[in-house]
A.B. asks: 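Before I ask anything, let me first share the structure, which is written out below as C-alpha cells.
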Amino acid sequence: MSHGAGLVRTTCSSSGGALGPGAGAAQPGASPLEGLLDPGYPRTHAALLKVAQMVTLLIAFICVRSSLWTDYSAYSYFEVVTICDLIMILAFYLVHLFRFYRVLTCISWPLSELLHYLIGTLLLLIASIVAASKSYNQSGLVAGAIFGFVATFLCMASMWLSYKVSCVTQSTVTVGTG
C-alpha cells in the first residue's frame, strides 16, 4: 500500500562548530584553498567525538588482541571491525582537519560519512554482542566487548548530533492554464 512518493533529506548540523564540509568555509574574499589546515576543527564537538571513538576502538582492539581467545572467528571478526572502523573515522577526521572536502568536490562527504556511520555502527554493535557472548568471563575479552559497546554508543551519538534525517512526502501540484 503506497502513500505517495517520499523524499528523504539529510542535512548536516552546524551546532558546535564545523561539523560538515559546508561549515567553516572560507571568509568572503578568501581563496578556497587558503589555509588548508583548519586550526579550529580539533576543538569542535564533532572532532572530540571522533577522537573519543578512535580511542575507545583502539582500547577495545588492544584488550581483545592481548587476551587468550576462546573462539577464533568471533574475535577475529571483532578485531577486523574495530580496526576498519578506527581507520575510517581517522580518515574522516583528516578530511575535515585538512579540508580535503574543498579539493575533492566529486565526493558527497556528508553522505559518505553518514553511510560509514550507519554501516560501521551496525557492524560494531554486532561484533560487540558476539564478543560479549563468547567472552566466557575472561577479563580482557569482557573489557574489549564493553569498550566496543562504548564505541558503538559514541558512533550513534555522533550520527545523532551530526545529521538530521527527515522524511517529507512529495505532493503533486497541478497548475491550470486559464
Side-chain angles (χ1 to χ4, degrees), residues 8 10-21 23 37-38 41-101 104 106-167:
V8 176
T10 60
T11 57
C12 282
S13 169
S14 61
S15 64
L19 294 178
L37 181 68
D38 186 0
Y41 179 71
R43 292 184 298 274
T44 63
H45 294 295
L48 294 174
L49 205 51
K50 281 182 178 47
V51 169
Q53 292 165 6
M54 289 187 286
V55 168
T56 55
L57 285 169
L58 185 61
I59 292 171
F61 176 80
I62 290 171
C63 286
V64 168
R65 188 67 184 167
S66 62
S67 297
L68 296 173
W69 291 359
T70 54
D71 187 352
Y72 179 78
S73 61
Y75 290 105
S76 61
Y77 173 70
F78 184 84
E79 283 184 341
V80 167
V81 169
T82 54
I83 285 299
C84 287
D85 216 11
L86 185 133
I87 290 170
M88 288 303 298
I89 292 170
L90 178 63
F92 282 114
Y93 183 84
L94 294 175
V95 162
H96 291 292
L97 181 66
F98 291 109
R99 297 179 181 169
F100 288 140
Y101 54 83
L104 299 170
C106 59
I107 298 172
S108 173
W109 290 106
L111 182 61
S112 61
E113 194 167 0
L114 175 68
L115 288 175
H116 159 259
Y117 274 120
L118 285 173
I119 295 168
T121 303
L122 180 65
L123 291 175
L124 189 57
L125 178 65
I126 292 169
S128 298
I129 291 171
V130 169
S133 68
K134 302 282 185 173
S135 66
Y136 302 110
N137 292 329
Q138 291 186 7
S139 59
L141 300 177
V142 171
I146 289 172
F147 277 106
F149 284 121
V150 170
T152 302
F153 173 75
L154 290 172
C155 288
M156 286 191 291
S158 183
M159 245 189 323
W160 180 262
L161 295 174
S162 297
Y163 299 97
K164 177 184 174 187
V165 178
S166 58
C167 295

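As a basis for the values below, the full set of heavy atoms in this structure was taken, side chains included, without hydrogen atoms, waters or symmetry mates.
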A.B. asks: Taking the side chain as everything from C-beta on, heavy atoms only, tell me whether Y75 gets closer than 4.5 Å to V130.
C.D. replies: no
A.B. asks: Is the H116 ring parallel, tilted or perpendicular to the F92 ring (thresholds 30°, 60°)?
C.D. replies: tilted
A.B. asks: Taking the side chain as C-beta and beyond, is there a heavy-atom pair between Y93 and V51 under 4.5 Å?
C.D. replies: yes
A.B. asks: In Å, rounded to the nearest 0.5 Å, how long is the span from CD1 of I119 to SG of C84?
C.D. replies: 12.5 Å
A.B. asks: Taking C-beta and beyond as the side chain, do F98 and D38 meet within less than 4.5 Å on heavy atoms?
C.D. replies: no
A.B. asks: Atom CG of L49 and atom OG1 of T44: how far apart are they, to the nearest 0.5 Å?
C.D. replies: 9.5 Å
A.B. asks: Check whether any side-chain heavy atom of T121 lies under 4.5 Å from a side-chain heavy atom of M159, and answer yes or no.
C.D. replies: yes
A.B. asks: With sequence neighbours excluded, tell me which residues meet side chain to side chain donor-acceptor pair (under 3.5 Å) with S139.
C.D. replies: none
A.B. asks: Measuring only between side-chain heavy atoms, which start at C-beta, is C155 closer than 4.5 Å to D85?
C.D. replies: yes
A.B. asks: Roughly how far apart are L97 CG and K50 NZ, rounded to 0.5 Å?
C.D. replies: 11.5 Å
A.B. asks: Could you report the tightest heavy-atom contact between Y41 and A46, atom names first, then the distance?
C.D. replies: OH-C, 4.2 Å
A.B. asks: S158 side chain to L154 main-chain N or O, any donor-acceptor pair under 3.5 Å?
C.D. replies: no
A.B. asks: Indicate yes or no: at least one non-hydrogen side-chain atom of L124 is less than 4.5 angstrom from one of F149.
C.D. replies: no
A.B. asks: Quick one: closest heavy-atom pair of S128 and F78, and the distance?
C.D. replies: OG-CE1, 3.9 Å
A.B. asks: Under the 3.5 angstrom rule, does the side chain of W109 hit a backbone N or O of H96 as a donor-acceptor pair?
C.D. replies: no
A.B. asks: A side-chain contact here means heavy atoms from C-beta on lying under 4.5 Å apart; do L118 and L122 qualify?
C.D. replies: no
A.B. asks: Closest approach of S112 and I107, non-hydrogen atoms and distance?
C.D. replies: OG-CG2, 4.1 Å
A.B. asks: Mind checking the CD1-CG spacing from I126 to L123? Nearest 0.5 Å is all I need.
C.D. replies: 6.0 Å
A.B. asks: Just list the side-chain donor-acceptor pairs under 3.5 Å for residues 56-64, sequence neighbours left out, or say none.
C.D. replies:
unit_1 : atom_1 : unit_2 : atom_2 : d
T56    : OG1    : A52    : O      : 3.0
T56    : OG1    : Q53    : O      : 3.0

